[in-house]
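Input: a single structure, listed below in structure tokens.
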Amino acid sequence: MKGHMGKILRIDLTSRSLSVIDTAQYEGWFGGHGMGSAIFWDLCKDKAISGYDPRNVITIMTSPLSGTLVPSASGRTEICGIGIQSYPTEWYTRSNVGGRFSAMLKYAGWDGIVIEGKADKPVWINIINDQVTIESAESLWGLDAWQTQEEIWSAVMGERNYEGWWQVGTARDSGRSTQKPAVLAIGQAGEHLNRNAAIIHDAGNGAGQGGFGGVWGAKNLKAISVMGTGSISIADPNALIEARRWHQSRQYNVDAPAMQFPTDNFPPMYGTMARTPGFAPLILPVTEPSRPKGCAGCFVACRKRTQSGYSNESTCVETAYYLDGGPEIQWKAADLLQRYGLNVYDINIFNYLRELNKMGILGRGKQIECDLPFEKFGSWEFIDMYCRQIAYREGIGADLGEGIIRASAKWGRLEEDLNSGILPFPNWGFNEHYDPRLEVEWSYGSILGDRDINEHDFNWYVHWMPMVTAAAGQPPAYSAEKISEIFAKKLSPYNDPMMPDYSEEGIYSDAKIKSVAWHRHYTRFYKQSMLFCDWAWPDLINVNVPNLEGTTGEAEPKFINAVTGGNITFEEGMELGRKIWNLDRAIWTLQGRHRDQEVHAGYVYNVPTTVPYHLPVYENGEWKFSTCEGRTLDRNKWEDFKTRYYKFEGWDPETGWPTRAALSSVGLGQVADELAKNDRLGK
Amino acid sequence: MSKLSKPSLELATKVLSELEYADRLNGYRMSPAVGNARHSLFSFQEATNFLKIGDIGDLMIKGGSTSIAFINPQELRTWVDRVYGDQELVAALDELLATEASLAEKISTMKQLMKERLDGCHAVLAAENDNQKDKEGHYA
Amino acid sequence: MSDKTQNSENRELSRRQFLKFAGGIAAGVGFGGSLPRLFQLSDGIIAVPASEGYLLIDTKKCAGCLSCMMACSLVHEGKENLSLSRIQILQNPYGRFPEDISQEFCRQCVYPACVEACPTGALAADAKTGRVRIVYQNKCVGCQQCVEACHYDPSRVVWNHEDKYSIKCDLCANTPYWNEKGGPDGCQACIEICPMKAIAFTKDIPRQDMEGYTVNLRGLAWKNLGFPTD
């Protein structure tokens, strides 16, 4: 299909051999995660190996949309393989990184990269169009992720800070560029095989979850650099640009934002609700001059670049994890993560460590030896030392480099602390992201999968909008009933108006089953395979237009078909998502998954909520927003939900394993054969 | 207008001390796209400093760029009662709990009350130190 | 700088007169220290009328998303290729605002060195398209003199290494892959697409200094987002 470059680069680091996989072999998977899982299925024969094993197959995939004008679907890259973060099993997992790597990989003529084996010495991969070499990384090993990228730019471009056209490659008419190579690199954390090591790109883009930084470290892979001067064919260029104009005209207008509210002194809902430029550095009171910064092809530009250079391109928790020392330290702290290549979600556990310190268990000369200066918590000295120790596995970092879950297990505290909730890690050893007792697509989807899902599809609308408006004593931007109405319209193929009901009954209802399924399928195809960005898609409810309706349902097929020349429908895309979800389920099944493991941390069932947490609920025949206080998940109801969910997906309710019927329904009969061979086929 | 009277020396001493682990109070930072992060508070001072709603105007304009540092008012009231036995402050909090005030207003008022109590305690301890100094010609 | 030019027959012609003839009034046009060769105005004179349109880019408003580059190659070449974009955005992820990004685009120079350098007349100020300095691809022999001649770095004339001719910003006068009408009286893809509305169009020759144009497209709405407007 158009949008594909036709070849996938396959690298065996052990033998240092390079070969090409014909993209056509996997064309039906489109790209990203779907293609990655299909390739992993074929190439990783023993799926029960550790993520550190050289036989682990890592895929780094683009989509047909990468490098094109499709809004907020052009710059992201999907990385898949066996991770090393999840607990107790190292599940096959995924991580996604923004910026411009996938675009540049496409321009170089590649749809993706497959990495197998382990190099005998540190290496980096140098891709210049179709010329690929494996270079020694001995001079890079030990550098942080930023230094590594700058060194590689010099090596590839021949001159640091070159401004202007430079000849790319040595072949005649291989083209010129003004762009720098796009690089994925690990920092010291990955070199030290940390389970919370990230892969970093440019200044503030990271593939954080899953510990892929440590997997690369185990393979002696320091970086991959790509430079391309080629062209991506587009089936219908006019349709593409017109679709972009259509979608963009409905979004936040930076010069003339739409005023939707009755009172004059009530400004529009900026930020997370209207997708304003620069909203990504959350709770970071950036008062210094800055600009918004967007990934390749993005219409939102959610990041920033600052006058000081601190927190460049960083988003979300990276800019909001170390708050106790004031803004300036908060800004600089983001850059520690990016340089060392650390997953902030795993190391953002200060409260837990402070509590252990306060209990007298962790500290200088204590049972858990730790020389961090807790008396200076909030200072630069503390965070600098903390990140450094973890990255280098020194001091308390020797334990924390294994991830906090394994560290807590080593300290003999895991079960107790997960039960009380002082270690709020509800799913597979991943940090709590949204309340697992309430916003259940998140907690259910995570435990039925491989990781904290980190997919905000519903979250912006059902939780943040009512939360922020209520906090300020203002009416919601739209009603709970409106959410139900629009969700019913847009969440095909289920279209159930009860899907956004988060009441005590609603979270176990059949509508919630559909909600979880919709979420898994939509994200697997549209966001993780076609690579529509989580912070711009799906476009469900839009405060910038009078009828409040986003473009999802119409937009995705419009863009995909303009690029590929196909005629996929939204529902067909959802079916592909279901297919990919089933393939992943089969992989986890071969890794040992069983329904008995799919239970959240104890606190989710034991400890009631105490913080107002706004969500729509349908109670007494009407829709409204509730603050959901005093609620837990019910163990038995969760077990019952699982049974019904498995049945809905066509999986065996006894085990949670996919059945032949389910797999065949999505064309994965041979996957069923493999499960049967391993006595893991659902009945 | 002051709501709270001058605290006793005993109360002031307790208010200005660091607490044991068992006497901690739970605070929560609530921020868009990050979720709610618990932050344990081990002293009255820490709890007072922690409370934050950001500027309401800011919250509206930069919804995604600001945060709320929240303490559950009922939990605060229970904590003040159990740990400090400060019945006057408890009564003031009871009054607040009975109102229909918005979250922003509640956080703001709680912080005001706590700050007032804190200032009062500092004043009492400072005065006591001066007394001791006068009596003995040096600090006790 | 003298405001009189001398032609080969010693006739003097003031700069202002020349420019009036050329179809535009310029105020303080400068070229960053290097002067182009002067156009003579008697026999063998090539007078290049000024373009009827110019792009203006607010360098502080740009978000470095490269959408303009993707749009440019899409509408002109029917494919996505940053190396074939006639507008180039250069950036340093570790740089400091506002020096972290620069936007390099054709200024439709009043004294177009690229036009002058072309030996075949393939690069000209086309009367039918508002005097925009464009390349007639079928006349281009690929000598790349135009690329060399451009006073700016990176050159605003782009070598199309796939199709083997030069290309340059034509204000979307010729966009075979876009149904929208372009040129100085129409739409420009980069302007339409830029999500920050950091690119504007003007019919007046912009005032520029050593660094180029200073354009400020940031108003109250931008300020409300917490960004600087100076």
Side-chain angles (χ1 to χ4, degrees), chain A residues 67-69 74 100 103 107 146 150 161 163-165 168 173-179 202-204 229-234 237-238 240-242 244-245 248 251 254-257 267 270 276-278 286-287 289-301 305-309 312-313, chain C residues 59-67 69-71 73-75 77-84 88-98 100-102 104 147 153-155 158-159 161-162 164 176-180 189 192-193 195-198 217-219 221-222 224-228 230:
Chain A
T68 75
L69 201 54
S74 187
R100 61 193 177 99
Y107 299 134
W146 288 6
E150 287 180 303
N161 296 326
E163 299 285 335
W165 292 104
V168 176
D173 269 347
S174 54
R176 299 176 194 140
S177 181
T178 62
Q179 306 297 294
D202 280 347
T229 57
S231 300
I232 305 171
S233 297
I234 305 294
N238 184 68
L240 175 55
I241 187 167
E242 288 307 321
R244 168 96 185 218
R245 287 170 95 185
Q248 207 164 286
Q251 304 303 323
V254 300
D255 288 341
Y270 291 6
T276 54
V286 175
T287 50
S290 61
R291 71 164 83 247
K293 164 69 186 138
C295 295
C298 184
F299 70 93
V300 182
R305 289 228 191 91
T306 61
Q307 189 177 67
S308 64
N312 271 4
E313 303 176 359
Chain C
T59 187
K60 291 182 177 175
K61 212 182 184 199
C62 171
C65 69
L66 312 182
S67 299
M69 294 176 69
M70 294 179 194
S73 79
L74 182 69
V75 300
E77 323 299 333
K79 45 196 175 177
E80 298 281 21
N81 187 334
L82 299 184
S83 295
L84 300 184
Q88 293 289 321
I89 308 297
L90 280 66
Q91 55 192 312
N92 177 6
Y94 312 118
R96 298 178 185 197
F97 170 82
D100 59 309
I101 305 185
S102 69
E104 316 291 354
V147 177
D153 190 26
S155 168
V158 178
W159 175 242
H161 63 285
E162 293 195 344
K164 314 277 194 272
Y177 297 93
W178 190 23
N179 295 349
E180 187 71 66
E192 290 301 304
I193 289 311
M196 299 298 111
K197 300 191 195 299
L217 303 174
R218 289 158 285 132
W222 197 253
N224 284 344
L225 292 170
F227 295 116
D230 57 1

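By convention in this document, chain letters (A, B, ...) are assigned in the order of the sequence lines, proteins followed by strands, and residues within each chain are numbered from 1. No experiment lies behind these values; they were computed from the predicted model shown.
Heavy atoms closer than 4.5 Å to chain A are found in the side chain of K164(C), but not in its backbone. Residue F299(A) touches chain C through both its backbone and its side chain, counting heavy-atom pairs closer than 4.5 Å. Interface remark: Q307(A) contributes backbone and side-chain atoms alike to the contact with chain C (heavy atom separation under 4.5 Å). Only the backbone of S174(A) comes within less than 4.5 Å of a heavy atom in chain C; its side chain stays farther off. Looking at L84(C), only its side chain comes within 4.5 Å of chain A, counting heavy atoms on both sides. Residue contact with chain C, scored on non-hydrogen atoms closer than 4.5 Å, involves the backbone of S308(A) exclusively. Contacts between V168(A) and chain C at a heavy-atom distance below 4.5 Å are absent for every atom of the residue. Residue E242(A) touches chain C through its side chain alone, counting heavy-atom pairs closer than 4.5 Å.
Counting only heavy atoms from C-beta outward, the side chains of R100(A) and Q91(C) never approach each other to under 4.5 Å. Taking the side chain as every heavy atom from C-beta outward, F227(C) and S290(A) approach each other to under 4.5 Å. Proximity of L69(A) to S67(C): side-chain heavy atoms (C-beta onward) are separated by under 4.5 Å at one or more points.
Ranked by heavy-atom pairs under 4.5 Å with chain A, the list C65(C), G64(C), G78(C) is led by C65(C). Per-residue heavy-atom pair counts under 4.5 Å with chain A were compared for A189(C), P228(C), G219(C), and the maximum is reached by P228(C). Each of T68(A), N238(A), D202(A), I232(A) has some count of heavy-atom pairs under 4.5 Å with chain C, and the biggest count is that of N238(A). The most heavy-atom pairs under 4.5 Å with chain C, out of A203(A), G294(A), G309(A), P292(A), come from P292(A). With chain A as partner, the option from P93(C), P154(C), S102(C), P195(C) having the largest number of non-hydrogen pairs under 4.5 angstrom is P93(C). When the candidates W178(C), W159(C), Y177(C) are compared by the number of heavy-atom contacts under 4.5 Å with chain A, W178(C) comes out ahead. The choice from R245(A), E313(A), Q248(A) that makes the most heavy-atom pairs within less than 4.5 Å of chain C is R245(A). The candidate with the highest count of non-hydrogen atom pairs below 4.5 Å against chain A, out of P98(C), C62(C), A71(C), is C62(C). Most heavy-atom pairs under 4.5 Å with chain A, from the set E77(C), E180(C), M69(C): that is E180(C).
We find the CE-CZ distance between M70(C) and R244(A) to be 8.0 Å, quoted to the nearest 0.5 Å. Note that CH2 of W222(C) and OG1 of T276(A) are 10.0 Å apart. Values are rounded to the nearest 0.5 Å. Once rounded to the nearest 0.5 Å, the distance linking CG of N312(A) with CZ of F97(C) reads 11.0 Å. To the nearest 0.5 Å, atom CZ of residue R96(C) and atom OG1 of residue T306(A) are 8.5 Å apart.
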Take R291(A) and M196(C) through the test side chain to side chain contact (heavy atoms under 4.5 Å, CB included) and record every step on the way to the result. CA-CA 10 Å; R291(A) 71 164 83 247; M196(C) 299 298 111; over 6 Å; no
Evaluate E192(C) against I241(A) for side chain to side chain contact (heavy atoms under 4.5 Å, CB included), listing each step before the verdict. CA-CA 9 Å; E192(C) 290 301 304; I241(A) 187 167; 5.8 Å; no
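N81(C) places no side-chain N or O within 3.5 Å of a backbone atom of Y107(A) that could act as its donor or acceptor partner. With S177(A) contributing its side chain and S83(C) its backbone, the two residues share no donor-acceptor pair below 3.5 Å. Side-chain N or O atoms of E162(C) include none that pairs as donor or acceptor with a backbone N or O of G230(A) at under 3.5 Å. A side-chain donor-acceptor contact under 3.5 Å links W165(A) to the backbone of S155(C). With D153(C) contributing its side chain and G164(A) its backbone, the two residues share no donor-acceptor pair below 3.5 Å. The backbone N or O of I89(C) sits less than 3.5 Å from a side-chain atom of Q179(A), completing a donor-acceptor pair.
Checked by atom type, the side-chain pair T178(A)/E104(C) shows no donor-acceptor distance below 3.5 Å.
Of the charged side-chain nitrogens involved, at least one lies within less than 4.0 Å of a carboxylate oxygen, so that R305(A) and D100(C) count as a salt-bridged pair.
When all heavy atoms of H161(C) and G175(A) are compared, the closest pair comes out as CG-CA, 3.4 Å.
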